[in-house]
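The chain is numbered in sequence order, starting from 1. Any value given below was found using the heavy atoms of this structure, including those in side chains, with hydrogens, waters and symmetry copies removed. Order of appearance sets the numbers: ligands from 1, and atoms from 1 within every ligand.
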Amino acid sequence: MRSYNLIAPAKINLYLEIISDRPDGYHELAMILQSIELADKINVQSLSTDRIRVNCNHPQVPTDKSNLAYRAAALMAAKFPEALAQYGGVEITINKQIPVAAGLAGGSTNAAAVLIGIDLLWKLGLTKPELEELGATLGSDIPFCVAGGTVIATGRGEKLSPLPSLDHIYIVLAKYRSLEVSTAWAYKTYRQEFGNTYLKDTENLAARAAAVHSEVIVKAILNKDTREIAQKLHNDLERVVLAAYPQVLQLRELFATQPGVLGTMMSGSGPTVFALVESEAQAQAVKLQMRAAIPDEDLELFVTRTITHGIQVASSI
Ligand code: C5P
């Protein structure tokens, strides 16, 4: 096979709690991550040279070394030089559907697809845990994007333990196209403003475990109780992002007043806000209500749903 088409789903955070800061500048987290159907399409194919090339249909996405997908391919080339010599370089084509810099792991899921695609192209036979470990060196959300489904993520976000999958919960996403929030800024600001309210770079696992408050939503997930899940959504980063970005606060407040919305929250470091709803018909109705309330074309709205998997191979030639 010389070419693979992969589907790379986005994620939302059903839960994001900041437990402590860490000496490496990152934060110790307790998150619940959920794959959603909204996805990018990625083609990975062999080149006759040893180069890495990235193409993307989205003008905001860089195609140079700053692209995480490029860096995923460069990592594979550095780790497996014999395979690079035997099979040649790779051309990566990204068909972007996931909003960029949105808190939906768009870049991370592209990188995860590239790791999986190159593993197949180069017949490396890497296991999922091996691919997740490689992904963790590039970004905190990449291991989850390799795994997919419904997962508790701790550490920087790279330590995963699966939960029973939540299938077919309908979601409406809202994001202002022109609005981007830097993840590094959000964590840094949180540390500056609320650093005194959580643990300081503790190695004490018992103290860390005691600081986590996710049991209620985990129980709701185990019971597959969508209403209860929607009531227990949480994201610590809302404290800084909603305060600094009135447009995100506006979406959050508007969703909360729409009939049919069971619960609403910002995803990751934002600025995407999502709402959980009972059915597809209600999701479409909520989308229309949001559009009527905010006719601004800069506002992107999507209806999607939870899915039970991460990256999938759609076809190969
Ligand atoms: O790992 P990733 O590159 O996706 O993280 C982007 C930025 O988000 C990091 O540079 C860091 O500032 C912040 N971050 C953090 N703690 C985490 C994950 C990310 O402070 N657990």
Side-chain angles (χ1 to χ4, degrees), residues 8-35 40 61-62 64-75 98-115 131-148 151-161 180-203 205 208-209 211-214 234-241 244-245 266-272 310-311:
K11 65 88 179 140
I12 54 170
N13 298 72
L14 298 175
Y15 190 87
L16 191 161
E17 185 178 359
I18 300 173
I19 306 301
S20 70
D21 54 34
R22 304 178 12 151
D24 63 5
Y26 282 81
H27 293 79
E28 199 68 24
L29 304 175
M31 295 193 285
I32 299 173
L33 300 171
Q34 173 64 55
S35 300
D40 291 339
V61 174
D64 62 7
K65 290 178 184 174
S66 65
N67 187 312
L68 260 187
Y70 184 105
R71 280 159 51 203
L75 175 70
I98 305 170
V100 177
L104 298 172
S108 299
T109 193
N110 294 173
V114 167
L115 295 177
L131 289 162
E132 288 168 13
E133 208 177 312
L134 282 171
T137 66
L138 297 168
S140 310
D141 283 342
I142 300 176
F144 168 74
C145 292
V146 170
V151 168
I152 298 179
T154 55
R156 268 195 304 131
E158 85 289 11
K159 292 183 192 152
L160 309 179
S161 52
E180 292 184 8
V181 176
S182 149
T183 304
W185 169 86
Y187 280 102
K188 197 175 95 203
T189 308
Y190 191 92
R191 186 188 288 223
Q192 280 162 359
E193 290 186 17
F194 304 108
N196 57 341
T197 63
Y198 60 72
L199 303 174
K200 293 288 153 200
D201 61 47
T202 176
E203 291 296 311
L205 287 176
R208 259 192 230 164
V212 177
H213 298 93
S214 57
H234 178 80
N235 184 346
D236 273 338
L237 291 174
E238 280 201 339
R239 294 171 84 181
V240 290
V241 179
Y245 293 88
M266 184 181 79
S267 184
S269 56
T272 303
I311 310 297

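The closest protein non-hydrogen atom to atom 14 (N) of ligand 1 is Y187 CD1, 3.5 Å. From the protein, the heavy atom lying nearest to atom 16 (N) of ligand 1 is H27 N, 2.8 Å. When hydrogens are left out, the protein atom nearest atom 1 (O) of ligand 1 is S140 OG, 2.5 Å; that is the closest non-hydrogen contact.
The option with the heavy atom closest to atom 7 (C) of ligand 1, from among T137, T183, I19, is T183.
Contact between G25 and ligand 1 is present, with at least one heavy atom of the residue lying under 4.0 Å from the ligand. At least one heavy atom of L29 sits less than 4.0 Å from an atom of ligand 1.
Remark: R208 engages E28 in a salt bridge, criterion side-chain N to carboxylate O under 4.0 Å.
Once rounded to the nearest 0.5 Å, the distance linking CD of Q192 with CG of N196 reads 12.0 Å. Between the CG atom of D21 and the CG atom of L199 there is a distance of 9.0 Å, given to the nearest 0.5 Å.
Remark: K200 is positioned above the aromatic ring of Y198, its terminal NZ or CZ atom under 6.0 angstrom from the ring centre and at most 45 degrees off the axis.
Interface of G139 with ligand 1, defined as ligand atoms under 4.0 Å from a residue heavy atom, comprises 1 (O).
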Y187 and D236: CA distance, side-chain angles, deciding distance, side chain to side chain contact (heavy atoms under 4.5 Å, CB included) verdict: CA-CA 10 Å; Y187 280 102; D236 273 338; over 6 Å; no
Between M266 and T272, does a side chain to side chain contact (heavy atoms under 4.5 Å, CB included) hold up when you go through it step by step? CA-CA 6 Å; M266 184 181 79; T272 303; over 6 Å; no
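At a 4.0 Å heavy-atom cut-off, ligand 1 touches Y26 through backbone and side chain alike.
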